[in-house]
Amino acid sequence: MSGDQPTGAGPDVPAPAGPAKDEYLGGLANAGASSSTGGGDFASVLSALSVVSTEVGETRAHLAELRDHFGESLAELGEVSGRINKLSALATQVAILSDRVQALTDNGGGTGEELDARPVDLAHIDPQDLPDVLGALVAWVREVVFVGWPWTQQTLRGCWLQHPDLINAMLWLRAAYRAAYDDENARPHAAADWHRWLDDVMTTAERRTRGCPQPGQDTPHAVPLPPRDDLPALEDLARRDVLAEIHRLNLRRQPGAGYPADAVADAQQRIVALMAEHGLTNDDYNQYLRALRETEEALAHAQERDGKEHQR
């Protein structure tokens, strides 16, 4: 019948436009077509798909590892960059400080004024130079301190030169004044320090000279005592340490101490040697024991007193 629709495209029917199936399926179309003729080829395709799927999963895992690795590397790189910035800033600060130190070194360059501003005391003055140093100090007190701060004449009495500690204080005060007013790089805080130290030194001078005789009195001014030599006290300290060792050794000789006989004999021999070496007698040892008991009793009384006060 001529009006019936064809049941299939004949050989002369043109193929539909667009890419062939092989282009979409990547060559698997042929394998699929072949599967219609047998199950073995289809199983091979499934196996290939399984292998490809596994490889894709592994590839994704490797990509995730690379992403994490690069993320950590970027974080470390950021830390390194921050440290480099800090080091650069530190290098800049060091350069600035170096320039400042160099400027301070170049300023004055070891001139006499710089040495004069250094603090000095009597122990560092040669006895031959002492009259000149004190003469210059007296002139400075008269022309600078008494002129700029007249009230100091009431507190710094004329006998201050009789007190070595006040001479040292005025030498130091003069160095502070020069650092505050004679240094061309001086800052206001140096002058503030000078005023505070001036008050402190004048307070000390007033207290130290309060009992000194007034000018015109017949009472002679006290003179410094000769320097005391404390070497005998050092020798007494050494003797005390030896007596303490003898006491520790003697405790081993006491009944019930629990030391073996040879240790007791060694202690006795050591005691005899120490007493002979340091010229100690039994009276010296007994005096040490009395002092030790008195110290222990005083400590016990103090602890008892503290305990009662705490209970209140």
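Index from 1, following the sequence.
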Heavy-atom pair of closest approach, residues A169 and V201: CB-CG1, 4.0 Å
Honestly curious: do I271 and L251 fall in one hydrophobic cluster under the side-chain, below-4.5 Å linking rule? no
Should we say atom CD of Q287 is surrounded by more than 12 heavy atoms from elsewhere, each under 6.0 Å from it? no
Quick one: closest heavy-atom pair of R252 and V264, and the distance? O-CG2, 3.6 Å
I need the minimum non-hydrogen distance between L249 and A267, along with the two atoms involved. O-CB, 3.7 Å
One should read off an interatomic distance between R253 CZ and Q268 CD, to the nearest 0.5 angstrom, of 4.0 Å
Are L237 and L243 joined in one hydrophobic group, where the rule is that I, L, V, M, F, W and Y side chains link up if heavy atoms are under 4.5 Å apart? no
Derivation and outcome, side-chain contact (heavy atoms from CB on, under 4.5 Å), residues H247 and Y285: CA-CA 8 Å; H247 179 61; Y285 179 67; 3.0 Å; yes
Going by the angle between their ring planes, with limits at 30° and 60°, are W149 and Y177 parallel, tilted or perpendicular? perpendicular
Measure across C212 and H163 and return the closest heavy-atom pair with its distance rounded to 0.1 Å. SG-NE2, 3.4 Å
Y288 and L299: same hydrophobic cluster, using ILVMFWY side-chain contacts below 4.5 Å? no
Counting only heavy atoms not in Q217 (residues, nucleotides, ligands), do more than 12 fall under 6.0 Å from its CD? yes
For residues D284 and G279, report the shortest heavy-atom separation together with the two atoms involved. OD2-O, 4.1 Å
Crowded around E206 CD? As in, over 12 foreign heavy atoms under 6.0 Å? yes
Which value, rounded to the nearest 0.5 Å, describes the distance between L156 atom CG and T204 atom OG1? 11.0 Å
Separation between OG1 (T209) and CH2 (W160), nearest 0.5 Å, reads 12.0 Å
For the hydrophobic clusters of this structure (ILVMFWY residues joined by side-chain heavy atoms under 4.5 Å, transitively), does one cluster hold both Y259 and V272? no
Side-chain contact test, heavy atoms from C-beta onward, threshold under 4.5 Å: evaluate it for Q153 versus V145 and give yes or no. no
Stepwise side-chain contact (heavy atoms from CB on, under 4.5 Å) check, L130 with L122: CA-CA 8 Å; L130 186 58; L122 291 174; 3.7 Å; yes
Is any side-chain heavy atom of P164 closer than 4.5 Å to one of P224? yes
Test salt bridge (charged side-chain N to carboxylate O under 4.0 Å, His left out) on R196 and D193; report intermediate values, then the result. CA-CA 5 Å; R196 183 171 62 252; D193 291 340; 2.6 Å; yes
Just how far is it from atom CG of L234 to atom CG of D230, taken to the nearest 0.5 Å? 9.0 Å
Going from CH2 on W140 to CZ on R174, what distance comes out if it is rounded to the nearest 0.5 angstrom? 7.5 Å
According to the interplanar angle, ranging from 0 to 90°, do the rings of H195 and Y181 count as parallel (below 30°), tilted (30 to 60°) or perpendicular (above 60°)? perpendicular
Identify the two heavy atoms, one from L173 and one from W194, that lie closest to each other, and give their separation to 0.1 Å. CG-CZ3, 3.2 Å
Polar side-chain atom of D121 near backbone of L171 as donor-acceptor pair, under 3.5 Å: no
Do N250 side-chain atoms and I246 backbone N/O form a donor-acceptor pair below 3.5 Å? no
Derivation of the side-chain contact (heavy atoms from CB on, under 4.5 Å) call for L280 and L274: CA-CA 8 Å; L280 299 174; L274 286 173; 5.9 Å; no
Pair R178-D183, side-chain contact (heavy atoms from CB on, under 4.5 Å): steps then yes or no: CA-CA 6 Å; R178 288 176 172 172; D183 186 354; over 6 Å; no
So how far is it from H301 NE2 to E304 CD, rounded to the nearest 0.5 Å? 7.5 Å
Are the side chain of R157 and the backbone N or O of T155 linked by a donor-acceptor pair below 3.5 Å? no
If you count heavy atoms of other groups shown closer than 6.0 angstrom to CG of D126, is the number above 12? yes
With clusters defined by side-chain heavy atoms of hydrophobic residues (ILVMFWY) lying less than 4.5 Å apart, directly or transitively, does V147 cluster with M170? no
